[in-house]
Undergrad: 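Below is one structure. I have some questions about it.
Only heavy atoms go into these numbers, but all of them, side chains included; no hydrogens, no water, no symmetry mates.
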Amino acid sequence: MRYAVFVTGPAGAGKSTFCTSFATHLRVSRRTAHIVNLDPAATGDAFEYEPTIDIRELVTLGDVMTEMGMGPNGGLVYCFEYLLENMDWLEEELGGFDDDYLIIDCPGQIELYTHHPFLPSLARNLQRMGIRTCAVYLLESQFMEDRYKFFGGVLSAMSAMVNLEIPWINIMSKMDLVSSSPSSDTTQPRNGKRARRDIARYLDPDPLLLANARDGHDKVSERENNRFHELNRAIVQLIEDHPLVSFLPLDLTSTDSLELVVSHIDFTMQYGEDEEPKEPRDLDEGDFADME
């Protein structure tokens, strides 16, 4: 049985770094893992490991933009359309793997997950080939500056979940950038450290409780955007009525944190449940030479 994990999420969420750490963890655990690059715009230094399968061998965004006169977004859509039209190339590339983990690094354009049919079609093709699939959606902890940014991230995750229709895990990445104590600097830049107690409420959230929360930053925001208050509450109610999203914290500096995420992925895909026990090989006299 083969397994494939789509690593999705917005640009800058740490997808490629997670893929590298994921593959390293599996290899240390003596499991076979391969990175599959599905980003036709990826640069050569984007991966610590050379991808086993690389869409750039089939089509690159640079070539499409040059030859077709397209912009980056239109060119990316064309690349995925071209991939779906040439699925025989991908099937041939995947043909030599058995009982392996395929870690599929996806582009950062979230519209590919939220409403385009490319990844759902690709997932169905992999399932047709007997490959169990799931997806992880990374949202960086530094994005959680306030509850409304969080709700935007939740809505994008929900849209991608509904679009792909495969087992799904949401991950809050870059938790190593979260400090253990709150900062007194309220003018801290977006990528500054956030306090752990400020992030914890977003891991398994109560949307209505978050919507009714009050702090200094939110009070200023509500005074400036009071006319959108009812719209915000309607969005929050939608999230409350469809409680599909919770997050696993991911700190890549912690082996335990990574192991927790990997165990959830294994459980989601029922890793190893259909595997047959391997028969030990026959021993001969030469195998006992070191014991004499």
Side-chain angles (χ1 to χ4, degrees), residues 4-19 21-22 38-39 73 76 80 103-124 133-175 177-178 190 194 198-211 213 231-252 257-258 260-265 267-269:
V5 182
F6 288 93
V7 181
T8 67
K15 296 185 296 298
S16 295
T17 304
F18 171 69
C19 288
S21 299
F22 190 8
L38 277 191
D39 187 357
N73 291 329
L76 192 62
F80 272 86
I103 304 171
I104 304 176
D105 190 4
C106 299
Q109 283 74 9
I110 61 173
E111 61 268 20
L112 294 174
Y113 322 129
T114 56
H115 58 274
H116 277 300
F118 311 131
L119 285 184
S121 298
L122 179 58
R124 287 192 292 270
T133 61
C134 81
V136 297
Y137 188 90
L138 273 66
L139 195 64
E140 61 171 308
S141 62
Q142 304 302 286
F143 190 75
M144 303 307 168
E145 291 183 311
D146 58 54
R147 60 183 183 268
Y148 297 120
K149 287 185 178 180
F150 169 75
F151 290 142
V154 168
L155 288 175
S156 66
M158 289 176 62
S159 179
M161 291 170 66
V162 172
N163 189 37
L164 262 70
E165 297 182 332
I166 58 177
W168 195 272
I169 296 174
N170 296 294
I171 297 174
M172 190 173 290
S173 63
K174 302 185 181 180
M175 289 296 289
L177 298 180
V178 177
R190 177 183 183 275
R194 297 289 174 259
D198 295 332
I199 299 295
R201 60 178 177 167
Y202 295 114
L203 295 177
D204 191 10
D206 183 331
L208 293 179
L209 185 62
L210 287 179
L231 175 61
N232 289 335
R233 287 194 61 83
I235 293 174
V236 171
Q237 189 63 53
L238 172 66
I239 296 173
E240 173 69 15
D241 293 340
H242 301 82
L244 303 176
V245 177
S246 62
F247 290 89
L248 288 176
L250 174 63
D251 177 358
L252 289 179
S257 177
L258 182 58
L260 176 66
V261 172
V262 172
S263 65
H264 276 75
I265 294 173
F267 179 78
T268 299
M269 291 195 296

Undergrad: Any donor-acceptor pair under 3.5 Å linking the side-chain atoms of Ser16 with those of Asp105?
TA: yes
Undergrad: How long is the straight-line distance from CG of Leu138 back to CG of Leu250, given to the nearest 0.5 Å?
TA: 6.5 Å
Undergrad: Identify, with sequence neighbours excluded, every residue that meets side chain to side chain contact (heavy atoms under 4.5 Å, CB included) alongside His115.
TA: Glu111
Undergrad: Please walk me through it: do Val136 and Ile265 pass side-chain contact (heavy atoms from CB on, under 4.5 Å)?
TA: CA-CA 8 Å; Val136 297; Ile265 294 173; 3.8 Å; yes
Undergrad: Applying side chain to side chain donor-acceptor pair (under 3.5 Å), name anything that partners Thr133, two or more places apart in sequence or on another chain.
TA: Gln127
Undergrad: Side chain to side chain donor-acceptor pair (under 3.5 Å) with Asn170: which residues, sequence neighbours excluded?
TA: Trp168
Undergrad: Measure the spacing between NZ of Lys174 and OG1 of Thr17 and express it to the nearest 0.5 Å.
TA: 7.5 Å
Undergrad: Strictly distance-based, threshold 3.5 Å: is any side-chain N or O of Ser159 a donor or acceptor partner for the main-chain N or O of Leu155?
TA: no
Undergrad: Apply side-chain contact (heavy atoms from CB on, under 4.5 Å) to residues Leu139 and Phe247 and explain how you reach the verdict.
TA: CA-CA 9 Å; Leu139 195 64; Phe247 290 89; 3.9 Å; yes
Undergrad: Taking atom CD1 of Ile166 and atom CZ of Arg124, what is their separation to the nearest 0.5 Å?
TA: 10.5 Å
Undergrad: Decide yes or no on side-chain contact (heavy atoms from CB on, under 4.5 Å) for Leu248 and His264, but give the supporting numbers first.
TA: CA-CA 9 Å; Leu248 288 176; His264 276 75; 3.5 Å; yes
Undergrad: Report yes if some heavy atom in the side chain of Phe267 is under 4.5 Å from a heavy atom in the side chain of Val262; otherwise report no.
TA: no
Undergrad: side-chain contact (heavy atoms from CB on, under 4.5 Å), that's the test. Do Val5 and Phe22 meet it? Break it down for me.
TA: CA-CA 10 Å; Val5 182; Phe22 190 8; 4.2 Å; yes
Undergrad: Is a side-chain donor or acceptor of Lys15 paired with a backbone partner of Pro10 at a separation under 3.5 angstrom?
TA: yes
Undergrad: Return yes if some donor-acceptor pair links the side-chain N/O of Ser21 with the main-chain N/O of Phe18 below 3.5 Å, else return no.
TA: no
